[in-house]
Peer 1: 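My questions all concern the structure below.
Just so you know, ligand 1 is whichever comes first in the structure, and atom 1 is the first atom listed for that ligand. In this chain, residues are counted from 1 in sequence order. Note that the coordinates shown come from a computational prediction; the quantities given were computed from them, not determined experimentally. Note: hydrogens, waters and symmetry copies are ignored here, and every other heavy atom, side chains too, is used.
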Amino acid sequence: KTHKFWETQPVGQFKDIGDTSLPEGPIELATPLSEVKQEPYNLPSVYEWTTCDMNSDDMCSEVYNLLKNNYVEDDENMFRFNYSKEFLRWALRPPGYYQSWHIGVRAKTSKKLVAFISGIPARIRVRDEVVKMAEINFLCVHKKLRSKRLAPVMIKEVTRRVHLENIWQAAYTAGVILPTPITTCQYWHRSLNPKKLIDVGFSRLGPRMTMSRTIKLYKLPDTPITPGFRKMEPRDVPAVTRLLRNYLSQFGVATDFDENDVEHWLLPREDVVDSYLVESPETHDVTDFCSFYTLPSTILGNPNYTTLKAAYSYYNVATQTSFLQLMNDALIVSKQKGFDVFNALDVMHNESFLKELKFGPGDGQLHYYLYNYRLKSALKPSELGLVLL
Ligand SMILES: COc1cccc(CC(=N)NC(=O)c2cccnc2OC2CCNCC2)c1
């Protein structure tokens, strides 16, 4: 009952956990394109499929507003992700993207966008295999249409369109447990504006703590302390790519970035993604790198504030600077840019700075999944080098 749909899909099944006789790799073989269902799946008769052209300002606004009002909320329904239009255009149009993977559902009569799901192409290395995958994200069904079983048919439709491009694997995350996580991450938060976070109920005043003591606890310098710490520029793409590829090579599952990918995903974009590096003042080598993306949340039902400005840790590499000092500089610049909180998952080597830099554990978990690819055993979060938006 609970996983009616997922028990029909080529994903690791709970009953198979621990069965080491099952080989690591694709669960179902690729099929000839002629055997892929050519026509879209059937929706309930009052709805119709639509392809969302994110280059169109109107379409982008429709997707933005659907997500703004109906996308993921925290467990206590106090906050809802509020991805910006510019962020969505960035997230959905990487090199080689397919507009056909930006799938909407409209009500036939009103023509209103009532649901959305997206895929983007990505090369993801699993152990020693680089696999072409779709990264599935932004699955959203209007609050008024929940439990009409729209999500399963939307997942089947995006899968069909991914198959039409001869791609047979996918990666996705969810806050809920489905068959079967490849790893489960904890999320952590570092207060930058503790007074606002306490006022809106994101954080609570610690025991035996006053507000002024709390503000002092989270105080940061005005400027980064690492010599040579500066914003990333286009000329840095080759060096950052080398640094990233070398760092990510140690993880069991990781993004396989090339320079083209780094140019899209990591060059700074105002209010979307920020990237900094350390250029050695002596040698001018690029020795370290840190980045975070901008994902505000709507504050639900607070009379004094509407938006929580949150930075999310993205990819970070330290080879000469201490990881602690590098990430503290990331906190310093994010505070200077007006963020209220800096969030991170315990993936890669993040655990080494979380407690030291005064991150507190979040109250939820983020589960990572692969579609049509079995891992012999689950990964630890520290073995994962993949951050989804
Ligand atoms: C603070 O506002 C929120 C609004 C909605 C949900 C949550 C809790 C939550 N679910 N957080 C995360 O999933 C999360 C926490 C730390 C780092 N990345 C995260 O999620 C990313 C990656 C997956 N897609 C959403 C953004 C918080």
Side-chain angles (χ1 to χ4, degrees), residues 63 66-84 87-88 90-92 116-120 122 124 135-140 143 170-178 181-194 196-204 253 255 265 272-274 290-302 305-316 327 330-331 334 339-348 350-351 353-354 357 359-370 381 384-389:
V63 174
L66 175 75
L67 294 175
K68 177 181 173 58
N69 298 315
N70 300 280
Y71 199 46
V72 179
E73 297 174 6
D74 68 305
D75 289 348
E76 293 168 52
N77 305 105
M78 296 171 67
F79 308 100
R80 185 162 56 236
F81 287 139
N82 180 17
Y83 288 88
S84 74
F87 189 107
L88 292 169
W90 170 66
L92 294 175
F116 182 75
I117 188 167
S118 72
I120 55 167
I124 294 178
E135 283 179 6
I136 304 303
N137 207 344
F138 306 113
L139 168 57
C140 179
K143 281 170 175 275
Y172 50 103
T173 61
V176 293
I177 294 191
L178 307 167
I182 61 164
T183 195
T184 292
C185 306
Q186 287 293 326
Y187 35 84
W188 292 71
H189 315 290
R190 206 287 185 181
S191 295
L192 301 173
N193 182 351
K196 176 174 174 183
L197 296 181
I198 290 165
D199 286 353
V200 304
F202 182 87
S203 314
R204 280 183 299 283
V253 171
T255 309
W265 291 119
V272 171
V273 58
D274 287 279
C290 63
S291 58
F292 49 87
Y293 61 85
T294 299
L295 170 50
S297 280
T298 303
I299 301 171
L300 307 170
N302 183 289
Y305 297 94
T306 52
T307 302
L308 183 72
K309 299 186 192 84
Y312 286 72
S313 177
Y314 201 24
Y315 289 95
N316 310 295
M327 292 312 294
L331 293 175
S334 61
F339 287 97
D340 299 320
V341 63
F342 189 99
N343 295 320
L345 297 166
D346 58 356
V347 295
M348 296 180 272
N350 291 355
E351 198 166 10
F353 64 73
L354 292 168
L357 294 185
F359 282 73
D363 54 9
Q365 297 179 314
L366 191 68
H367 308 278
Y368 275 75
Y369 301 95
L370 291 180
L384 183 67
L386 173 64
V387 177
L388 300 189
L389 300 174

Peer 1: Are there over 12 heavy-atom neighbours, none belonging to Glu73, within less than 6.0 Å of that residue's CD?
Peer 2: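 More than 12 heavy atoms, drawn from other residues, nucleotides or ligands, come within 6.0 Å of this atom.
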Peer 1: Say whether Leu389, considering both its backbone and side-chain N or O atoms, lies within less than 3.5 Å of an N or O atom on ligand 1.
Peer 2: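 N/O-N/O distance below 3.5 Å exists for this pair.
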Peer 1: My understanding is that only one of Asn193, Thr307, Val200 makes a side chain to side chain contact (heavy atoms under 4.5 Å, CB included) with Asp340; could you say which?
Peer 2: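 So, applying the side chain to side chain contact (heavy atoms under 4.5 Å, CB included) to Asp340 and each of Asn193, Thr307, Val200, only Asn193 qualifies.
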Peer 1: Considering only heavy atoms of Val72, which atoms of ligand 1 have at least one such atom less than 4.0 Å away?
Peer 2: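 Taking each heavy atom of Val72 in turn, ligand 1 has 5 (C), 6 (C) under 4.0 Å.
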Peer 1: Answer yes or no: does an N/O atom from Asn137 fall short of 3.5 Å to an N/O atom of ligand 1?
Peer 2: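 The answer is no, given that Asn137 and ligand 1 share no N or O pair closer than 3.5 Å.
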Peer 1: Would you call the rings of Tyr369 and Tyr172 parallel, tilted or perpendicular if under 30° counts as parallel and over 60° as perpendicular?
Peer 2: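 The arrangement is parallel - the two ring planes meet at less than 30°.
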Peer 1: Phe353: which residues meet the ring pair (Phe, Tyr, Trp, His ring centres under 6.0 Å) condition with it, sequence neighbours left out?
Peer 2: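 Phe353 satisfies ring pair (Phe, Tyr, Trp, His ring centres under 6.0 Å) with Phe323, Phe359 only.
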Peer 1: For Asp74, take its heavy atoms, then give the atoms of ligand 1 lying under 4.0 Å from any of them.
Peer 2: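 Answer, ordered by atom number: 5 (C), 6 (C), 7 (C), 27 (C).
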Peer 1: Has the side chain of Arg190 got a donor or acceptor atom that lies under 3.5 Å from a matching backbone atom of Leu357?
Peer 2: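 Yes: the side chain of Arg190 pairs with the backbone of Leu357.
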Peer 1: Quick one: which of Gly362, Ser297, Ser313 has a heavy atom closest to atom 3 (C) of ligand 1?
Peer 2: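 Answer by nearest heavy atom: Ser297.
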Peer 1: Going by the order shown, which atoms of ligand 1 are within less than 4.0 Å of some heavy atom of Thr173?
Peer 2: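 Counting atoms of ligand 1 from 1, those under 4.0 Å from Thr173 are 23 (C).
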Peer 1: Heavy-atom distances under 4.0 Å are what count here, so tell me which part of Leu388 touches ligand 1: side chain, backbone, both or neither.
Peer 2: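 Under 4.0 Å from ligand 1, Leu388 contributes backbone atoms alone.
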Peer 1: So how far is it from Leu197 CG to His189 NE2, rounded to the nearest 0.5 Å?
Peer 2: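 Rounded to the nearest 0.5 Å, the CG-NE2 separation comes to 9.5 Å.
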Peer 1: From Leu388 CG over to Thr255 OG1, what is the distance, rounded to the nearest 0.5 angstrom?
Peer 2: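 Spacing of CG (Leu388) from OG1 (Thr255) equals 7.5 Å.
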Peer 1: Have a look at ligand 1 and work out which part of Trp188, if any, has a heavy atom under 4.0 Å from it: side chain, backbone, both or neither.
Peer 2: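 Neither part.
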Peer 1: Counting heavy atoms only, which part of Tyr293 comes closer than 4.0 Å to ligand 1: side chain, backbone, both or neither?
Peer 2: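 Side chain only.
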Peer 1: Please identify which atoms of ligand 1 are closer than 4.0 Å to at least one heavy atom of Leu366.
Peer 2: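 So the atoms of ligand 1 that pass are 13 (O), 22 (C), 23 (C).
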Peer 1: Under 4.0 Å from a heavy atom of Leu308: give me the atoms of ligand 1 that qualify, with their elements.
Peer 2: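 Near Leu308, meaning under 4.0 Å from one of its heavy atoms, ligand 1 has 1 (C).
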Peer 1: Taking only non-hydrogen atoms of Tyr83, do any sit less than 4.0 angstrom from ligand 1?
Peer 2: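 Yes, Tyr83 has heavy atoms under 4.0 Å from ligand 1.
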Peer 1: Could you tell me which residues satisfy ring pair (Phe, Tyr, Trp, His ring centres under 6.0 Å) with Phe87, sequence neighbours excluded, listed by chain and number?
Peer 2: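 With sequence neighbours excluded, Phe87 shows a ring pair (Phe, Tyr, Trp, His ring centres under 6.0 Å) to Tyr83, Trp90, Tyr293, given in chain and number order.
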Peer 1: With heavy atoms of Glu73 as the reference, note each atom of ligand 1 found under 4.0 Å away.
Peer 2: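 Per the distance check, 5 (C), 6 (C).
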Peer 1: So how far is it from Ser313 OG to Asn350 CG, rounded to the nearest 0.5 Å?
Peer 2: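 One gets 5.0 Å once the value is rounded to the nearest 0.5 Å.
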Peer 1: Compare Tyr314, Tyr187, Phe202 and give the one whose heavy atom is closest to atom 14 (C) of ligand 1.
Peer 2: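 Ranked by closest heavy atom to atom 14 (C) of ligand 1, first place is Tyr187.
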Peer 1: At under 4.0 Å between heavy atoms, which part of Tyr368 makes contact with ligand 1: side chain, backbone, both or neither?
Peer 2: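 No part of Tyr368 comes within reach of ligand 1.
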